[in-house]
Asks: 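Starting off with a structure, shown below.
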Amino acid sequence: MLQLQAIRENKDLFIDALKKRNIDAAPMVNEVIQLDEKRRTTQTQLDNILAESNKLSKDIGALYQNGKYQEAEALKQKTGSLKEDSKKLGDELKTATETLQALLYQIPNVPHDTVPAGTSEEDNEEVYEEGAIPVLQTDALPHWELAKKYDIIDLELGVKIAGAGFPVYKGKGAKLQRALINYFLDKNTAEGYTEVQVPHLVNEASGYGTGQLPDKEGQMYHLTEDNLYLIPTGEVPVTNMFRDQILDVGDFPLQYTAYTPCFRREAGSYGAHVRGLNRLHQFDKVEIVRVEHPDRSYAALDEMVEQVKIILRELELPYRILRLCGGDLGFTAALTYDFEVFSTAQDRWLEISSVSNFETYQANRLKLRFKDENGKSQLAHTLNGSALALPRVLAGILENYQTGDGIRIPEVLVPYCGFDMIS
RNA sequence: GGAGAAAUGGCAGAGUGGUCGAAUGCGGCAGUCUUGAAAACUGUUGAGGGUCACACCUCCGGGGGUUCGAAUCCCUCUUUCUCCGCCA
């Protein structure tokens with residue numbers, strides 16, 4: 001959520017910056033300002049009435065204590081109309097505040113200066129590429145064929161148990177997945193991220209805190225009986241650890257890593273590109289989350305990008321980094337780098353990580369603040385990234401490491417797997 | 001799941017329906033003292049709205065109610081603790 005006061009002071013700046021997202025924010029921003037003015041005048045009126053009635057109540061109390069019951073009763077008569085007015089104004093204030101809040105929820109974050117203009121993923125800017133794309137023999141298979149051939153992932157079995165998009169990993173496939181999780185967590189903790197295990201279901205407040213609610217409501221599995229949501233990413237529980245907190249400036253940097261399954265309804269996405277592990281309803285992910293001082297958040301973002309690069313380099317997977325354009329940038333992010341691994345047999349790039357700085361957008365919703373050097377409280381910056389998402393990394397390994405004899409295991413994973421070949 | 005108790009500032013812990021945003025202690029911060037530190041003493045120390053700044057308003061787990069007036073009374077939800085039941 002954008003900061004109201006900042007909008008009030010620089011509305012044109014916001015309207016301009018949001019153009020990069022290809023939206024005309026002017027009507028919304030103007031309405032925000034209007035609603036805010038309404039809210040404030042109502043608040044002032046209400047405050048005055050409350051002040052008056054507080055004073056009357058005190059006077060009545062004093063009169064009672066001095067035994068002047070007649071005078072007290074007389075004063076009581078005067079409180080009736082004040083009560084009515086305050087009730088009416090209170091309702092108005094509530095409505096104005098809620099309307100304003102709902103509107104603010106609808107305005108996306110302001111893109112960072114470096115975010116390229118553009119309307120779709122076509123316009124994302126490639127900023128880095130590393131790793132040679134292997135040349136495979138002509139009979140190379142896509143990962144879903146390999147999964148079947150070596151009996152390591154069973155998609156049909158998952159259909160029986162749950163439905164499409166819920167794979168069953170078997171034997172060396174399961175072990176490889178577990179190896180990747182451990183490897184990722186080890187890399188992250190070695191870099192100073194504290195490992196946490198967090199709930200996989202979150203309440204409504206957490207959903208609002210990180211911005212999945214209200215705009216992505218339909219993408220999350222919702223347990224209506226208990227009003228809980230299955231997490232679409234570890235970002236939600238981990239970042240919400242800090243909701244409603246006022247940190248000390250010395251607490252930075254806060255860095256956490258968590259392994260969690262992720263659940264996504266993926267309503268409306270079907271077709272050839274969702275085959276195999278490409279798009280699932282349940283998948284595993286190791287997430288890194290940071291809470292940072294505003295002055296340091298972009299340095300932190302760079303460090304997170306570096307962290308993901310190192311992992312991919314060690315896995316010897318060919319990858320590229322994209323800076324997302326305004327049209328492709330997530331609702332809550334100010335700047336996002338996507339990592340894509342080249343999936344050789346599918347001949348396409350697969351997104352395996354997304355690293356973002358949300359600046360104060362989430363913090364404002366989370367009420368995540370810190371006391372700065374002058375003792376004033378201000379909003380912190382939040383960041384997160386995948387390090388990494390499992391299924392597509394797995395797909396990349398299966399496809400890129402396939403040989404005529406089987407699938408080779410990347411060297412760094414051999415100690416974690418206990419085998420060096422799937423055949 | 002059943003029965004009971006509780007929820008107050010960073011923490012601990014008072015609080016009779018009126019002058020309680022809330023005693024006291026600890027912690028934090030500033031100062032005095034000291035070569036320095038500790039101790040002692042003095043002062044200060046929640047959040048939000050509002051204002052140029054004050055004033056003023058809101059918040060004692062959340063929501064609602066009674067009352068001129070609620071931390072205090074009532075209803076409800078949530079959470080925690082104790083006992084019972086079930087259970088990885």
Side-chain angles (χ1 to χ4, degrees), chain A residues 1-10 32-104 197-209 213 223-229 237 240-252 254 261 291 360 363-380:
Chain A
M1 184 164 61
L2 297 174
Q3 288 173 264
L4 189 54
Q5 201 177 339
I7 295 180
R8 210 150 73 195
E9 284 162 8
N10 296 301
V32 162
I33 288 173
Q34 219 172 11
L35 279 166
D36 178 49
E37 268 165 25
K38 161 80 179 155
R39 194 203 96 234
R40 278 184 298 156
T41 53
T42 310
Q43 174 92 63
T44 307
Q45 289 170 2
L46 178 62
D47 284 357
N48 290 337
I49 287 173
L50 288 176
E52 204 175 324
S53 99
N54 284 346
K55 192 172 176 307
L56 272 178
S57 291
K58 276 187 190 176
D59 291 347
I60 291 170
L63 288 172
Y64 268 121
Q65 280 178 348
N66 293 324
K68 299 177 179 169
Y69 301 112
Q70 301 266 318
E71 290 176 49
E73 289 302 324
L75 274 189
K76 271 197 198 180
Q77 304 303 316
K78 295 168 74 175
T79 61
S81 69
L82 285 176
K83 233 184 159 183
E84 270 174 44
D85 288 352
S86 74
K87 178 144 176 47
K88 182 169 143 279
L89 283 167
D91 289 345
E92 268 180 51
L93 181 65
K94 197 176 168 197
T95 309
T97 309
E98 283 170 356
T99 317
L100 179 59
Q101 185 77 359
L103 188 62
L104 279 171
Q197 293 190 359
V198 290
H200 300 164
L201 274 71
V202 293
N203 58 27
E204 212 175 14
S206 294
Y208 275 96
L213 292 175
L223 284 71
T224 51
E225 185 88 2
D226 300 289
N227 198 25
L228 293 169
Y229 294 84
N240 271 283
M241 295 197 302
F242 303 99
R243 174 153 46 88
D244 288 321
Q245 276 207 33
I246 301 178
L247 303 163
D248 192 84
V249 70
D251 293 337
F252 296 123
L254 290 170
V291 179
T360 60
N364 195 22
R365 291 188 177 194
L366 292 160
K367 294 193 172 61
L368 168 47
R369 292 158 292 175
F370 69 98
K371 286 249 189 268
D372 67 17
E373 293 78 355
N374 304 316
K376 286 193 68 175
S377 73
Q378 54 170 302
L379 294 171

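A, B, ... follow the sequence lines: proteins, then strands. Residue 1 opens every chain.
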Asks: Just name whichever nucleotide pairs with U67(B), Watson-Crick or G-U, keeping both distances under 3.5 Å, else none.
Replies: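 Partner of U67(B): none.
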Asks: My understanding is that a pair needs two contacts under 3.5 Å, Watson-Crick or G-U wobble. By that rule, which nucleotide pairs with C52(B)?
Replies: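 The base-pairing partner of C52(B), which may sit in any strand shown, does not exist here.
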Asks: Quick one: look up who A23(B) pairs with, Watson-Crick or G-U, both distances under 3.5 Å, and put none if it's unpaired.
Replies: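 Looking at the geometry, A23(B) pairs with no nucleotide.
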Asks: With sugar-phosphate meaning primed atoms plus P, OP1 and OP2, does Leu56(A) contact a base, only sugar-phosphate, or nothing at under 4.0 Å between heavy atoms?
Replies: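 Result for Leu56(A) = nothing.
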Asks: Say you pick atom P in C41(B) and the same atom in G25(B); how far apart are they, in whole Å?
Replies: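 Comparing P positions in C41(B) and G25(B) gives a spacing of 11 Å.
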Asks: Can you run down the side chain to side chain donor-acceptor pair (under 3.5 Å) pairs that involve residues 41-55 of chain A, sequence neighbours left out, and say none if there aren't any?
Replies: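 Applying side chain to side chain donor-acceptor pair (under 3.5 Å) to every pair that reaches into residues 41-55 of chain A, excluding sequence neighbours, yields Gln43(A)-Asp47(A), Lys55(A)-Asp59(A).
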Asks: On a whole-Å scale, what distance lies between the C1' atoms belonging to A71(B) and C33(B)?
Replies: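 Roughly 41 Å separates the two C1' atoms.
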Asks: Who does C33(B) pair with, Watson-Crick or G-U, both distances under 3.5 Å?
Replies: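 With both distances under 3.5 Å required, C33(B) matches none.
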Asks: For A38(B), which nucleotide is its Watson-Crick or G-U wobble mate, given both distances must be under 3.5 Å?
Replies: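 Partner of A38(B): none.
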Asks: Hey, does Ser53(A) reach any base, or is it just sugar-phosphate, or nothing, if we go heavy atoms under 4.0 Å?
Replies: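 Contact class for Ser53(A): none.
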Asks: Can you name the nearest heavy-atom pair linking Leu93(A) to Arg39(A), along with the distance?
Replies: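 Nearest heavy atoms, Leu93(A) then Arg39(A): CD1-O, 3.6 Å.
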Asks: Say we look at G46(B) and C11(B): how far apart would their C1' atoms be, to the nearest angstrom?
Replies: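 Pairwise C1' distance, G46(B) against C11(B), rounds to 13 Å.
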Asks: With no hydrogens and no angle check, just 3.5 Å: does a side-chain donor-acceptor pair link Gln378(A) and Asp372(A)?
Replies: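 A pair is found: one side chain offers a donor N or O, the other an acceptor, under 3.5 Å apart.
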Asks: Under a 3.5 Å cut-off for both contacts, is U72(B) paired Watson-Crick or G-U wobble with anything, and if yes, with which nucleotide?
Replies: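 Pairing partner, where one exists within any strand: none, as none qualifies.
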Asks: What does Asn54(A) touch in the nucleic acid at a heavy-atom separation under 4.0 angstrom: a base, only the sugar-phosphate, or nothing?
Replies: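 If one applies the 4.0 Å heavy-atom cut-off, Asn54(A) turns out to touch the sugar-phosphate alone, with no base involved.
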Asks: When the P atoms of A6(B) and G13(B) are considered, how many whole Å apart are they?
Replies: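 Approximately 14 Å lies between the P atom of A6(B) and that of G13(B).
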Asks: Quick one: on RNA chain B, does Arg40(A) or Ser57(A) contact a more 5' nucleotide (nearest heavy atom)?
Replies: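 In this pair, the answer is Ser57(A).
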Asks: Expressed as a whole number of Å, how far does the P atom of A38(B) sit from that of U45(B)?
Replies: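 To the nearest whole Å, 22 Å.
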Asks: Search all heavy atoms of Ile49(A) against all heavy atoms of Ser86(A) and return the closest pair with its distance.
Replies: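 Heavy atoms of Ile49(A) and Ser86(A) come nearest at CG2-CB, 3.8 Å.
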Asks: Which atoms form the tightest heavy-atom contact between Leu379(A) and Phe370(A), and what is the distance?
Replies: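 So the minimum-distance heavy-atom pair works out to O-CE2, 3.5 Å.
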Asks: Taking atom C1' in both A22(B) and C60(B), compute the distance separating them and give it to the nearest angstrom.
Replies: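 Taking atom C1' in both A22(B) and C60(B), they lie 8 Å apart.
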Asks: Is any side-chain N of the basic residue among Glu92(A) and Lys38(A) closer than 4.0 Å to the acidic one's carboxylate O?
Replies: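 Judged by the 4.0 Å cut-off on N to carboxylate O distance, Glu92(A) and Lys38(A) do form a salt bridge.
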Asks: Work out which heavy atom in Thr95(A) is nearest to a heavy atom in Thr99(A); give both atom names and the distance.
Replies: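 Thr95(A) and Thr99(A) have their closest heavy atoms at O-OG1, 2.5 Å.
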Asks: Using the C1' atoms only, state how far A30(B) lies from U16(B), rounded to an integer number of Å.
Replies: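 Taking atom C1' in both U16(B) and A30(B), they lie 38 Å apart.
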Asks: For the P atoms, the ones on C73(B) and on G15(B), what distance do you get once it is rounded to whole angstrom?
Replies: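 Pairwise P distance, C73(B) against G15(B), rounds to 12 Å.
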Asks: Of Leu46(A) and Lys371(A), whose nearest nucleotide on RNA chain B comes first from the 5' end?
Replies: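 It is Lys371(A), whose closest nucleotide lies nearer the 5' terminus.
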Asks: Going 5' to 3' along RNA chain B, between which two nucleotides do contacts with chain A fall, using a heavy-atom cut-off of 4.0 Å?
Replies: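 First and last nucleotides in contact are G18(B) to G69(B).
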Asks: Out of Asp244(A), Val291(A), Asn240(A), which one pairs with Leu366(A) under the side chain to side chain contact (heavy atoms under 4.5 Å, CB included) rule?
Replies: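 Of the listed options, the one satisfying the test is Asn240(A).
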Asks: Name the pairing partner of U79(B), where a pair is Watson-Crick or G-U wobble with both distances under 3.5 Å, or state none.
Replies: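 With both distances under 3.5 Å, U79(B) matches A6(B).
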